[in-house]
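Beneath this line is the structure, given in structure tokens, with notes to follow.
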Amino acid sequence: MNGSTDSFIEKREAMVQEQLQARGITDSSVLEAMKRVPRHLFLPQHLRREAYSDRALPLGPGQTISQPYIVALMLASARLQRTDQVLEIGTGSGYQTALLGEIVATVYSVELDPALLARSAKTLAELGYKNVQLRAGNGWLGWSEAAPYDAIIVTAAAHEIPRDLVKQLAPGGRMVLPVGDDEQQLVLLERTAEGLASKNLGPVRFVPLR
Ligand code: SAH
């Protein structure tokens with residue numbers, strides 16, 4: 001790589017301190033992963049200089065790479081463990097998939113758009129992620145063959161909680177997803193011994209889960 005590699009490392013350190021730690025993200029596995037994963041490589045060339053700025057960026061029609069803080073909030077809220085098996089809905093650029101690959105044991109990720117999936121598969125393979133499995137398909141249905149999951153992360157907003165995903169959540173499992181149409185809330189669902197517990201994490205803006 002060229003001489004700009006170092007400046008990207010500095011930008012990542014600044015992103016972690018100023019955008020994540022300053023806003024209360026404390027999960028060290030999330031902070032470490034976000035220092036390591038080269039977010040700029042998941043973006044088209046012309047957007048790479050913007051990669052570490054404090055905002056979402058466009059990937060294509062109906063697709064965005066989320067703001068770093070929102071990605072971190074979702075990962076931290078899922079309370080991920082090293083041994084977890086995780087399902088992601090909406091691979092998109094593959095950036096959050098890579099972060100999951102750094103933090104947990106196995107990642108399954110489903111993306112509706114096959115062209116986008118081909119691109120993220122290439123990036124993830126080039127970066128050497130071997131614990132990530134990708135599939136083109138409809139995320140509303142999850143990935144039942146590999147269920148149950150310790151955590152499920154949905155990166156597009158559903159107008160209602162997808163029933164099939166709830167079924168694929170292990171006992172003690174956590175699901176983080178944006179729910180709503182124009183007004184969306186980030187929701188944490190947990191399968192407890194008593195049933196399904198739900199916690200509101202605040203307003204968000206995601207593209208729709210189609
Ligand atoms: N986590 C991604 C965010 C991508 S935006 C990243 O870090 O880049 C949301 C993604 O969800 C888009 O790529 C979109 O194509 C995908 N998507 C929308 N509806 C879907 C569905 N029903 N099943 C699977 N993926 C879907």
Side-chain angles (χ1 to χ4, degrees), residues 12 15 19-20 30 33-34 36-45 47-48 50-78 80 86-104 107-127 129 132-147 149 151-166 168 175-181 184 186 204-210:
R12 276 205 293 284
M15 172 189 82
Q19 299 175 37
L20 311 185
V30 173
M34 290 190 72
R36 278 198 301 272
V37 175
R39 178 171 162 96
H40 61 285
L41 296 183
F42 293 87
L43 289 167
Q45 278 290 351
L47 285 174
R48 288 190 179 171
E50 291 287 323
Y52 300 99
S53 58
D54 193 9
R55 61 188 188 97
L57 294 165
L59 293 171
Q63 296 147 351
T64 52
I65 181 168
S66 298
Q67 181 190 11
Y69 171 68
I70 295 296
V71 175
L73 177 65
M74 293 179 91
L75 295 171
S77 302
L80 302 169
V86 177
L87 174 66
E88 176 188 47
I89 303 300
T91 317
S93 66
Y95 173 60
Q96 180 152 278
T97 322
L99 292 165
L100 286 167
E102 296 270 343
I103 300 169
V104 304
V107 185
Y108 293 83
S109 186
V110 181
E111 168 61 50
L112 194 62
D113 179 338
L116 191 58
L117 189 73
R119 207 173 346 134
S120 44
K122 185 165 176 278
T123 313
L124 289 164
E126 281 167 1
L127 289 171
Y129 290 99
V132 169
Q133 300 211 45
L134 306 175
R135 158 154 128 182
N138 180 0
W140 283 94
L141 306 175
W143 188 325
S144 59
E145 298 87 335
Y149 301 98
I152 299 178
I153 295 196
V154 186
T155 71
H159 57 80
E160 61 179 16
I161 292 166
R163 228 175 287 165
D164 286 308
L165 296 185
V166 174
Q168 292 172 30
M175 173 149 71
V176 181
L177 76 168
V179 182
D181 296 314
Q184 302 169 5
L186 193 62
V204 285
R205 233 190 132 68
F206 279 81
V207 300
L209 187 67
R210 285 167 286 156

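Computed over heavy atoms, backbone and side chain alike; hydrogens, waters and symmetry mates excluded. Counting convention: from 1, in listed order, for ligands and their atoms alike.
The option with the heavy atom closest to atom 14 (C) of ligand 1, from among Gln96, Glu111, Arg135, Glu88, is Glu111. Compare Pro208, Gly90, Ala98 by their heavy atoms: the one nearest to atom 18 (C) of ligand 1 is in Pro208.
Of all atoms in ligand 1, numbered sequentially from 1 with element shown, those under 4.0 Å from a heavy atom of Leu116 are 13 (O). Interface atoms of ligand 1 facing Gln63, defined by a heavy-atom separation under 4.0 Å, are 12 (C), 13 (O), 14 (C), 15 (O). Less than 4.0 angstrom separates some heavy atom of Arg210 from each of these atoms of ligand 1: 14 (C), 15 (O), 18 (C), 19 (N), 20 (C), 21 (C), 22 (N). Every atom of ligand 1 with a heavy atom of Leu209 under 4.0 Å away is listed here by number and element: 19 (N), 20 (C), 21 (C), 22 (N). Heavy-atom contacts of Gly139 reach the following atoms of ligand 1: 21 (C), 22 (N), 23 (N), 24 (C) (cutoff under 4.0 Å). Interface of Leu59 with ligand 1, defined as ligand atoms under 4.0 Å from a residue heavy atom, comprises 8 (O). If you number the atoms of ligand 1 from 1 as listed, the ones under 4.0 Å from a heavy atom of Trp140 come out as 22 (N). Which parts of ligand 1 touch Ser93 is read off a 4.0 Å heavy-atom cut-off, strictly below it: atoms 6 (C), 7 (O), 8 (O).
Here the heavy atom of the protein found nearest to atom 4 (C) of ligand 1 is Thr64 O, 3.2 Å. In this structure, the protein non-hydrogen atom closest to atom 9 (C) of ligand 1 is Thr155 O, 3.4 Å.
At a threshold of 4.5 Å between non-hydrogen side-chain atoms, the residues Thr97 and Phe42 do not count as touching. Using a 4.5 Å heavy-atom threshold, the side chains of Leu209 and Pro162 count as touching. At a threshold of 4.5 Å between non-hydrogen side-chain atoms, the residues Leu43 and Glu50 do not count as touching. In this structure, the side chains of Met34 and Pro68 come closer than 4.5 Å at one or more pairs of heavy atoms.
Here's the thing with Leu112: one of its N/O atoms is less than 3.5 angstrom from an N/O atom of ligand 1. Of the polar atoms of Asp113, none of the N or O atoms is found under 3.5 Å from an N or O of ligand 1, judged by distance alone.
No option in Arg135, Glu111, Arg119 other than Glu111 meets the side-chain contact (heavy atoms from CB on, under 4.5 Å) test with Thr91.
The main-chain N or O of Arg210 is found under 3.5 Å from a side-chain atom of Trp140 such that the two form a donor-acceptor pair. No donor-acceptor pair closer than 3.5 Å links the side chain of Ser109 to the backbone N or O of Leu87.
Under a 4.0 angstrom heavy-atom cut-off, Thr91 registers as being in contact with ligand 1. Assignment of Gly137 to the shell around ligand 1 is supported, since a heavy atom sits closer than 4.0 Å.
The heavy-atom pair separating Leu134 from Val132 by the smallest distance is CD2-CG1, 3.7 Å. Minimum heavy-atom separation, Thr123 to Leu41: CG2-O, 3.6 Å.
Other residues, nucleotides and ligands contribute only 12 or fewer heavy atoms inside 6.0 Å of the CZ atom of Arg205.
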